[in-house]
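Quick note: residue numbers are just sequence positions, from 1.
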Amino acid sequence: MLRTLLAPRLVALHLLVIGVLVSFTMLGRWQLGVFEASGKPILAADPAPVAVTELTQAGRHIPADAVGRQVTATGTYDASGQLLVADRMADVSAPGGRAAKGRGFWLLTPLRLADGTLVAVVRGWVSSPEDPAVAVPAGTVTVSGRLRPAEPTNAVQRSSQTLPAGQVATVSTGELINVWTDAPLRDGFVVATAQEPASQAKHVVVQPPTEGVGLTWRNLAYAVQWWVFALFAVYMWFHFVRDDVRAARAARTGTAQETPETSVTPETPATSGERATPAAPGGPADGADIV
């Protein structure tokens, strides 16, 4: 059997099937990867920054297409209204481009615009309320950042422990209008990515807008198709090998079962000194008495 399996024709078949299996398996894995990647959000269009007043209004929700947009805002911070958003685990970028992670507080400060309205600004992140960056800069500032929608009040699940004064659990416009009552408050909030003059607070990293494209089930079907082809190649290889092994076995069995030569019994030769007497025509048989 081993000699049959290692015949040149079958060796070529073995190598061909191995190549087919490797190729079809990789093609199926590639299509599966395309299918998996299709479900991931992709970056959406990221227009140039606009003034925050173009996208937000007091008393009206920000439109869905404005979420994540780059905005700018110029005004003065109201230090008396600053709040700390407690227990925030966020990626932050420190001055100088260094990245860090930690649990701490967002610095939520109202920015009074030229028209007298307020916009909530997350100036940055600090690890404790005693951090020097908590101090609110004075004078006119220009903030660049991304616009985010107001968080629902149940967005963060917390224990029954009451937060200290000056701290909140979420950035909720519905709650802030009851805290900042001296001016109309625009909906949503700005996560600052830059500020002039520069701030010592670590800026919270906010991702650009994304959009989902949905899973491409066609690629999953292609992956299964390639793997079915691979299994079919194995099936055909098995049948070709089995037929060759059977044929070789039948050839060996037929040779072993050939009919043997017929044996012929030799005539017994006459003993020395004896001579066969031919019988006379019509005469008596050998050994008969003559009267």
Review point. Where do R60 and D187 land on the salt bridge (charged side-chain N to carboxylate O under 4.0 Å, His left out) test, with the steps shown first?
Key: CA-CA 6 Å; R60 301 183 65 176; D187 187 46; over 6 Å; no
Exam field: side chain R88 to backbone A169, donor-acceptor pair closer than 3.5 Å: yes
- Task: Kindly indicate whether the side chain of D78, heavy atoms from C-beta on, has any atom under 4.5 Å from the side chain of T109.
- Result: no
Interatomic distance, CH2@W226 vs CG@L27, rounded to 0.5 Å, equals 5.0 Å
Rounded to the nearest 0.5 Å, the OG1 atom of T173 sits from the CZ atom of F189 at a distance of 8.5 Å
With Q31 as partner, the option from L220, V224, N219 fulfilling side chain to side chain contact (heavy atoms under 4.5 Å, CB included) is N219
query: Does a side-chain heavy-atom distance below 4.5 Å link W125 with V85?
result: no
Requested in this report: Find out if a path of hydrophobic residues (ILVMFWY) with successive side-chain heavy-atom gaps under 4.5 Å connects L113 to V121.
Outcome: yes
Do T72 and V52 come close enough that some side-chain heavy atom pair is under 4.5 Å?
no
Quiz item: Would you say L118 and L111 make side-chain contact, with heavy atoms under 4.5 Å?
Solution: no
Contact check, side chains of V204 and R123, non-hydrogen atoms, under 4.5 Å:
no
Between H14 and W237, is a side chain to side chain donor-acceptor pair (under 3.5 Å) present by the stated rule, with each step listed? CA-CA 8 Å; H14 302 333; W237 168 84; 2.9 Å; yes
- prompt: Can a salt bridge be assigned to the pair D115 and R186 using a cut-off of 4.0 Å between side-chain N and carboxylate O?
  reply: yes
Residue pairs passing the side-chain hydrogen bond (donor to acceptor under 3.5 Å, both in side chains) test with at least one member in residues 134-147, sequence neighbours excluded, are D46-R146, T74-T142
Would you mind reporting whether D244 and L13 have side-chain heavy atoms less than 4.5 Å apart?
no
Under 3.5 Å: donor-acceptor pair, side chain of Q82, backbone of V134:
yes
task = Answer yes or no: is there a donor N or O on one side and an acceptor on the other, between the side chain of S199 and the main chain of A201, under 3.5 Å?
result = yes
Rounding to 0.5 Å, atoms CD (Q200) and CD (Q195) come to a distance of 10.5 Å
Check your understanding: Is the shortest heavy-atom distance from the side chain of R242 to the side chain of V245 under 4.5 Å?
Key -> no
One should read off an interatomic distance between L163 CG and L84 CG, to the nearest 0.5 angstrom, of 10.5 Å
Fill in: D182/R112 ion pair, N-O < 4.0 Å
yes
*Please tell me if the side chains of F238 and D243 come closer than 4.5 Å, counting only heavy atoms from C-beta onward.*
no
So CG of L107 and OH of Y77: to nearest 0.5 Å the spacing works out to 9.5 Å
Taking G81's backbone N and O only, do any of them form a donor-acceptor pair with W180's side chain (distance below 3.5 Å, no angle check)?
yes
Output for pair (Q70 CD, L147 CG), nearest 0.5 Å, gives 11.5 Å
Between E151 and V171 (side chain of the first, backbone of the second, donor and acceptor by atom type, cut-off under 3.5 Å), is there such a pair? yes
